[in-house]
Amino acid sequence: MRGEPEDNEGMFSYLTPAQRVPLDHPLREIRKLLDAALRELSPVFQRLYSRIGRPSIPPERLIRASVLQMLYSIRSERQLMEQLNFNILYRWFVGLGMDDKVWDPTVYTKNRARLLRGEVDVRLFDAILAQAREKGLLSEEHFTVDGTLVEAWASQKSFQPKDRPMPPSDDPGNPSINFRGQKRTNETHESKTDPQARLFRKARGHEAKLCYMGHALMENRNGLAVAGMATIASGYAERNAAVELIAPMTGGSRVTLGADKAYDTSDFVDALREMQVTPHVAQNTTNRSSMIDGRTTRHAGYEVSQRKRKRVEEIFGWMKTVGILRKVKLRGRLLVDSLFRFGLTVYNLVRIRNLTAELTG
């Protein structure tokens with residue numbers, strides 16, 4: 001018998017949002033991990049807010065909404081608020097009831113800025129990492145480091161000479177600019193919309209873009225990010241950041257650090273050896289001699305590090321395809337650094353959930 005195609009306009013439901021989410025849904029385990037970290041951060045949130053005045057958006061809901069935005073590749077805060085208005089799964093994850101009003105996008109972004117000033121991204125990253133350490137998922141001896149370009153929220157047309165203002169245009173919103181015959185470098189030019197972005201290219205033959213550089217330190221056991229940062233893009237940024245990221249991991253004991261050929265330089269290898277870090281760097285023998293010799297390559301651990309180090313590309317790949325970090329929508333190194341570290345945190349949440357499921361399944 002054919003059912004009647006009448007719309008059901010019922011006003012009441014006897015099921016809560018939590019009851020509608022399947023018990024085996026991946027977001028359930030991710031929310032457990034996230035909620036445990038947020039409980040540890042409660043004293044930090046208390047110090048960031050005044051004891052008087054109008055109640056703000058709860059910081060726990062702000063962070064859950066930001067995690068949701070990266071998990072589901074929601075491209076803007078306005079679209080996130082639109083999705084929260086009708087998506088029951090999203091409402092449950094953030095902590096909104098069926099009748100709770102969704103926030104205005106501008107109010108949401110302004111409240112989130114308070115968390116950035118409080119370095120909550122660093123504390124949240126450490127809290128999630130501590131849970132992975134308790135579960136025995138981290139290696140304390142073997143690491144890999146790598147860097148990637150993060151495209152800035154600035155156009156090529158904004159890259160103008162430093163010593164003179166932008167010329168008048170017939171269309172201020174999309175000016176017509178002719179770059180033919182100009183030699184544009186970071187020494188003579190800067191972006192008028194994001195002055196800290198740098199014109200940089202990934203390799204010879206690639207196009208130059210205005211970008212920052214993101215760096216991740218990965219442990220080799222399960223491919224979790226244990227440290228990360230974003231810096232001004234330059235030819236030395238990758239090696240300088242690698243030394244800064246690996247330094248807290250030494251702890252007086254010898255560790256290994258894998259990396260690609262770009263790190264095979266005398267200053268970097270010498271700096272690692274002074275820190276009691278064994279440089280498992282890929283040998284660069286193109287028209288030159290490598291700083292990595294038989295003292296390192298003869299050990300079986302070197303070959304293991306060379307296989308493991310390629311997994312760091314999975315982190316960058318996830319962040320740029322799913323985590324909407326291919327081109328950041330924030331300006332300034334500090335904000336980009338915070339967003340990049342938050343992306344590593346969300347990646348770790350997904351990775352820990354998957355590893356836990358494999359162990360229990």
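Atoms considered below: every heavy atom in the structure, side chains included; atoms not considered: hydrogens, waters and symmetry mates.
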Considering only residues two or more places apart or on different chains, which pairs with a residue in [range] satisfy ring-ring contact (aromatic ring centres under 6.0 Å, His included)?
{"range": "residues 326-347", "result": "W318-Y347"}
{"range": "residues 52-77", "result": "Y72-Y90"}
{"range": "residues 213-240", "result": "none"}

Would you please say whether a donor-acceptor pair under 3.5 Å links the side chains of [X] and [Y]?
{"X": "T285", "Y": "S290", "value": "no"}
{"X": "Y212", "Y": "T148", "value": "no"}
{"X": "R333", "Y": "Q196", "value": "no"}
{"X": "N220", "Y": "T144", "value": "yes"}

| field | Distance (rounded to the nearest 0.5 Å) between L62 CG and E60 CD | value |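 Spacing of CG (L62) from CD (E60) equals 9.0 Å.
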| Point-to-point distance, once rounded to the nearest 0.5 Å, from OG of S56 to NZ of K110 | 14.5 Å
| field | Partner residues of D35 under the salt bridge (Lys or Arg N to Asp or Glu O under 4.0 Å) criterion, sequence neighbours left out | value | R31, R64
| task | Search all heavy atoms of V120 against all heavy atoms of L41 and return the closest pair with its distance. | result |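 Taking V120 first and L41 second, the nearest heavy atoms are CG1-CD2, 3.8 Å.
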| field | Closest non-hydrogen atom pair, V322 against S73 | value | O-OG, 2.7 Å
| Within 45 degrees of the axis of the six-membered ring of W92 and under 6.0 Å from its centre: does R28 put its NZ or CZ there? | yes
Connecting only ILVMFWY residues whose side-chain heavy atoms lie within less than 4.5 Å of each other, what is the rest of [X]'s hydrophobic cluster?
{"X": "F200", "value": "L149, M213"}
{"X": "W153", "value": "none"}
{"X": "M98", "value": "I88"}

[X] vs [Y] side-chain heavy atoms within contact, under 4.5 Å:
{"X": "V226", "Y": "M249", "value": "yes"}
{"X": "M218", "Y": "I315", "value": "yes"}
{"X": "L349", "Y": "V67", "value": "yes"}

With no hydrogens and no angle check, is any side-chain donor or acceptor of [X] less than 3.5 Å from a backbone partner on [Y]?
{"X": "R123", "Y": "E40", "answer": "no"}
{"X": "R198", "Y": "C211", "answer": "no"}
{"X": "E219", "Y": "N222", "answer": "yes"}
{"X": "H299", "Y": "G301", "answer": "no"}

| field | Any residue meeting side chain to side chain contact (heavy atoms under 4.5 Å, CB included) with V243, in chain and number order, not counting sequence neighbours | value | F268, A271, M275
| said: Once side chain to side chain contact (heavy atoms under 4.5 Å, CB included) is applied, do any residues pair with R295, and if so which ones, sequence neighbours excluded? | reply: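 Only R273, D293 meet the side chain to side chain contact (heavy atoms under 4.5 Å, CB included) criterion with R295.
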| query | Given the rule in the side-chain contact (heavy atoms from CB on, under 4.5 Å) test, do R331 and T193 qualify, once you have shown the distances and angles that lead to the verdict? | reply | CA-CA 8 Å; R331 296 189 178 110; T193 54; 4.0 Å; yes
| Take atom CD in Q19; do more than 12 heavy atoms of anything else shown fall under 6.0 Å from it? | yes
Atom pairs and distances, side-chain donor-acceptor, residues 127-136, under 3.5 Å, sequence neighbours left out:
residue, atom, partner, partner atom, Å
Q131, NE2, L33, O, 2.9
R133, NE, E140, OE2, 3.0

| field | Where at least one partner belongs to residues 226-248, residue pairs that pass salt bridge (Lys or Arg N to Asp or Glu O under 4.0 Å), sequence neighbours excluded | value | none
| query | Among pairs that include at least one residue of residues 67-90, which meet salt bridge (Lys or Arg N to Asp or Glu O under 4.0 Å), considering only residues two or more places apart or in two chains? | reply |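 Salt bridge (Lys or Arg N to Asp or Glu O under 4.0 Å) check on residues 67-90 returns E77-R112.
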| task | Applying side-chain hydrogen bond (donor to acceptor under 3.5 Å, both in side chains), run through R254 and T278 and close with a yes or a no. | result | CA-CA 7 Å; R254 181 170 289 277; T278 303; 3.1 Å; yes
